[in-house]
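These numbers come from a predicted model, not from an experiment.
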Amino acid sequence: MRSWCLCRICTCGRHRCPHGTTRIYENAGLFCPTTEYLEKYPPYGSALPPQSLKPKQEFRAGRDDYRAWDIQKTELYKREQTYSPPAVKFGNSTTFQDDYVPQEIKPRQSFRPSSVVKRSTCPFDGDTSHRLDYVPYQLEVKSSRPREVYKPTSQPFEDLTTHRRDFQGLAGETAKICRPAHTRVTQRAHFEGSTEFRESFQPWEIPPPEVRKVQEYVPPAGAMQSDSTSHLDYVPHQATRVLPIRPLSHRRRNSDPFQGKSTTKEDFPAWESRRQGPVKQQLQIPAPSGRFEGLSTFRSHYVPHELVPTESCRPLQVPFKSSAPFDDVTMYSTEYVPKRREICPASCPSPPGYVFEHTDSRGHQFFRKVTPVVKAF
């Protein structure tokens, strides 16, 4: 038989087992976990816990507190439709119906060829003009030419181009540098080279990195053949080194001060210029000199009328006062049937219908449900 804890037997939500300190759960097959909130805040016998207002998730077959009233359907005050449509067909014809004479439409004859494939009874002639006019010729056998062996020349390489041959260069004087001489400004005071950062943060002694021992190189055995196809086929030639043809630079240092004058500044002095004013177009139509009346045809012909306010059909916002006493009888108060208050079985020392079995190490009381015995007739 399955055992029930007192926490599960309670139906009002107020009764709990007296839990002790937290321990490792025992594998006894009983379901009644202990929460941290219940361990810190144990219930007191003198103060009752608040009643839970949460509705029970149970199915209610009848709703005895409320009974539906037989309300008769109110009649509509809609006016009856006195209009009756005429039974005779509308006989007035239009000018289009009088002038238009319907004619029978004849379908047009289609000149489109039929999509049915016509098969010919004659055999297929596969001869074409290319096959008839083509004359085959017998081709001669091509002779294979042997590959020529490369033979390097014995003459020296001439690296003379047309540009080097035609351009010999022109002798002339080098351009004079007009840049003033650079005079370096030096201070006699000695530069200390110390900053606040260097004084506050002194360098730390860092040990030298460990040097990894490199394995000793062992040359391979035998002689290396460094001959390639380029070394074997190349024939060295004696050639002279080409000298540059550009003119020699003759720089002269000048200590005279720089004169910031040029022929352009002397021949083209700055002119005094003034900003030209805006060009305004002269008005062709003279501006009116009189005062603007501001009277339009609408204002001159408009006749104002006195407004008549519409009468409001809204009822006055005055509270209704009656000399009769207030009738506070409601349908709920007359039709309400109080239900019987259920007693929680956990409130009794021994819950009815249960037999006490044992109490575990945490203080949970377990009961066994008693099944009633039915006597056979």
Quick one: [atom1] on [X] to [atom2] on [Y], what's the gap to the nearest 0.5 Å?
X	Y	atom1	atom2	result
E140	Y137	CD	OH	13.5 Å
Q365	H358	CD	NE2	10.5 Å
D133	R131	CG	CZ	13.0 Å
T195	F201	OG1	CZ	10.5 Å
Y302	T297	OH	OG1	14.5 Å

For a quick test of reading the model, state the closest non-hydrogen atom pair linking T11 to P345 and the distance between them.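 Answer, listing the atom of T11 first, then P345: OG1-CD, 3.8 Å.
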What are the two closest non-hydrogen atoms of P152 and D233, and how far apart are they? CG-O, 4.1 Å
Under 3.5 Å donor-acceptor, S333 side chain and V329 backbone: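 Not a single qualifying donor-acceptor pair exists.
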Take the angle between the ring planes of F367 and Y354 and call it parallel below 30°, perpendicular above 60°, tilted in between. perpendicular
Give the ring-plane orientation class for H237 versus Y234, where under 30° counts as parallel, over 60° as perpendicular and anything between as tilted. perpendicular
Looking at [X], I'd like to know if its [atom1] atom is crowded, meaning that more than 12 non-hydrogen atoms belonging to other residues, nucleotides or ligands lie closer than 6.0 Å.
X	atom1	result
E266	CD	yes
E158	CD	no
E199	CD	yes

